[in-house]
Amino acid sequence: MKIKAAVFREIDRPLSIEDVDLADPGPEEVLVKTVACGVCHSDLHTVHGGIATPRPSILGHEPAGIVLAVGSRVRNVAPGDHVIACTSMFCGACQQCVQGLPHLCTDRGACRRAETDAPRISHAGATIHQFADLAAFAEAMLLHQRAVVKIDPSIPLDRAALVGCAVTTGVGAALNTAQVTPGSSVVVFGAGGVGISVIQGARIAGARQIIAVDQLDAKLANARKFGATDVINATAGDTVKTIKKMTRGGADYAFEAVGLPKLLEQAFYCLAPRGTAVVVGAIAQGQSVSFNPAHFFQEKRVIGCLMGSNRFTVDAPRYLEFYRQGRLDLDGMVTRHEPLERVGEAFRAMEAGEVTRTVLMFD
Ligand SMILES: [Zn+2]
Ligand SMILES: [Zn+2]
């Protein structure tokens, strides 16, 4: 079928809106009509060349939609189902998958079409790659069945979409990766879509103190609405010193949700003994971080985090249940809606710090 999509052809150039060809579903594939797709920082980093990906490709990795058709061996969804797609596609058979860590799957290639097969997406006969195995800045997506999960159809799809990336990453970082304990103190560096999700995860986990750190007062005021109990503007004075004072000696958990080495170092130094710093933001390749090793005698820990250590087929419906119960605020995270053609405006608004999320809507 022919669909409209935003194609990434050149670094630092606007995405080009084109008609592309989508193949028919193979035995394990699902054809999904895209209804909504959040615009994430990783899409923008990719446009700037910060994340290497083959071109031409279609970006977008935070979608929700409705199943149009399924292949003969698809068991988890059926036409008409409302679904979220997640980049943490998993093979289900490798050691990581079998040990319950599908987000660390080492054989995702098993869920892709072979090089020798016809591509899922093409333009004038040439392959268009699927960024994050999704390619969601498009009117429809052709996905492996283990990249989608069925959701409650009463949840608005523009809200559900956020669970595809930002919410799964941030809430999962708190609940799955760090396993924040009730009564603990938590610091979150960065109050964008992921940072706000970490704040909400910490609140759901029962943290007693949640300190948001950002450079923009508007984002800090926003962070309070999602559960931050204290805020610090990083441009005003010594952030680590302020946190030490606020927490009376250091935080139990500190999340870096921006992707800057300096902030990860601050996250480490603001910890209490035995505290945990969690690397949620994507620090650019080639950059390095340094820690004073004496602090390791306080048994401080630094841990990595990929997509909130998700098992999204289990987690996504749980997070949406939190939403339905009023415990996870997705409504407040959706700042704007735009049509696909205005994806460039969505990038601009994100860079300007004007939005928690712009959601692209497809009719
Ligand atoms: Zn993302
Ligand atoms: Zn696997």
Side-chain angles (χ1 to χ4, degrees), residues 6 8 15 28 34 36-48 50-53 57-64 76 84-112 130-137 141 144-147 158-173 177 190-198 201 255-259 279-284 305-316 319 330 333-335 343 346-347 349-351 355-360:
F8 172 44
L15 302 181
E28 294 201 50
T34 315
C37 183
V39 179
C40 174
H41 268 281
S42 304
D43 297 309
L44 183 60
H45 284 321
T46 305
V47 172
H48 288 329
I51 297 174
T53 193
S57 58
I58 296 172
L59 306 181
H61 62 280
E62 198 176 79
N76 58 335
I84 295 173
C86 179
T87 187
S88 298
M89 180 177 80
F90 58 97
C91 78
C94 73
Q95 287 205 21
Q96 297 301 327
C97 280
V98 172
Q99 290 178 99
L101 301 168
H103 68 298
L104 296 176
C105 175
T106 55
D107 193 20
R108 290 157 56 95
C111 302
R112 298 184 182 123
Q130 289 179 299
F131 176 69
D133 292 302
L134 299 177
F137 289 164
M141 303 170 285
H144 192 274
Q145 61 173 329
R146 279 193 295 276
D158 64 327
R159 271 51 171 174
L162 269 52
V163 175
C165 180
V167 169
T168 285
T169 299
V171 175
T177 314
V194 171
I196 290 293
S197 300
V198 177
F255 296 83
E256 202 289 339
V258 180
V279 190
V280 184
I283 294 175
C305 174
L306 178 67
M307 289 294 294
S309 308
N310 75 76
R311 301 136 305 160
F312 77 89
T313 53
V314 176
D315 293 343
Y319 297 160
L330 300 178
M333 291 180 70
V334 178
T335 322
V343 61
F347 283 148
M350 185 162 56
E351 274 187 314
V355 295
T356 303
R357 262 304 185 262
T358 297
V359 177
L360 302 180

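Numbering of ligands and ligand atoms starts at 1, following listing order.
Restricting His61 to its N/O/S atoms, the shortest distance to the Zn ion (ligand 1) is reached by NE2.
Between the side chain of His48 and the backbone N or O of Gly50 there is no donor-acceptor pair closer than 3.5 Å.
Between Ile283 and Val279, the closest heavy-atom pair is CD1-CG1, 4.3 Å. Here the shortest heavy-atom pairing between Gly38 and Ala161 reads N-CB, 4.3 Å.
Just one residue in the list Cys86, Cys37, Pro63, Cys165 forms a side-chain contact (heavy atoms from CB on, under 4.5 Å) with Leu134, and that residue is Pro63.
Taking the Zn ion (ligand 1) as the corner point, the angle from Cys165 atom SG to Cys40 atom SG is about 130° (rounded to 10 degrees). Around the Zn ion (ligand 2), the two atoms SG of Cys94 and SG of Cys91 are separated by an angle of 110°, to 10 degrees.
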